[in-house]
Amino acid sequence: MKIAVYPGTFDPVTFGHLDIIERASQLFDKVIIGVSTHPEKKPLFSIDERIKLIRECTKQFKNLEIASFEGLLVDFARKKKAGIILRGLRELSDFQAEFQRAIINKKLAPEIETIFIATNAKFFYLNSSIVKEIAGFNGNISCFAPKQVENALKQKIGK
Ligand code: ADP
């Protein structure tokens, strides 16, 4: 059974994340979305809110599990019996940090492989920060994230 962990902050989930999730769900028997608590990043949405949004936007995928984690990613992957860490790659700036993490994780857990999925060209510019920024200025984010996220951002930002 091929189990992959797809970790991230998902603050909030975007069409870029959902595209990776859809493709991963076809590649692996089970995909575990690991929502990192990341207090140092000061997320806009709480861990429960981020999980709820992902859950609402991924109902159609039957081989998904969503869980929060803190601490080392490799420990979380081992706990979940996942042999694969999955990351999305966008531009060159992603590559440097991701490459370093993949090598360090391989040292920490040689039995776990990191696999990258290249972003869909439609979403290579997209990340959660830009979505929050646009929503903060009351802009239209409907081409960046699902309706549930749009509503949650409106509520959170109060516009
Ligand atoms: P992190 O803080 O761990 O980078 P993110 O929520 O920003 O968490 O991203 C989680 C994962 O999703 C990362 O592997 C990131 O590269 C990937 N990702 C985010 N946005 C996109 C996108 N538009 N296209 C492809 N992958 C993406």
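Indexing begins at 1, ligand by ligand and atom by atom, following the structure's order. All residue numbers refer to positions in the sequence shown, counting from 1. Owing to the predicted nature of the structure, the values given are computational and were not obtained by experimental measurement.
- Only the backbone of P7 comes within 4.0 Å of ligand 1, judged by heavy-atom distances.
- For I20, the closest heavy-atom approach to ligand 1 falls below 4.0 Å.
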side-chain contact (heavy atoms from CB on, under 4.5 Å) for S36 and K41? Distances and angles first, verdict last. CA-CA 10 Å; S36 160; K41 277 197 172 183; over 6 Å; no
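- Atoms of ligand 1 lying under 4.0 Å from at least one heavy atom of F10, given by number and element, are 6 (O).
- Using a 4.0 Å cut-off to heavy atoms of T119, the atoms of ligand 1 that qualify are 22 (C), 24 (N), 25 (C).
- Atoms of ligand 1 lying under 4.0 Å from any heavy atom of G8, numbered from 1 in the order shown and given with element: 3 (O), 8 (O), 10 (C).
- Residue contacts with ligand 1 for Y6 involve side-chain atoms from C-beta outward but no N, CA, C or O (heavy atoms, distance under 4.0 Å).
- With respect to the salt-bridge test (charged N to carboxylate O, under 4.0 angstrom), the residues E49 and K52 do not qualify.
- Ligand-side atoms of ligand 1 in range of K41: 1 (P), 2 (O), range being under 4.0 angstrom from any heavy atom.
- Salt bridge D19/R23: present, at least one basic N to carboxylate O contact under 4.0 Å.
- The protein heavy atom nearest to atom 9 (O) of ligand 1 is H17 NE2, 3.5 Å.
- Checking side-chain atoms of T58 against main-chain N and O of F61 turns up no donor-acceptor pair under 3.5 Å.
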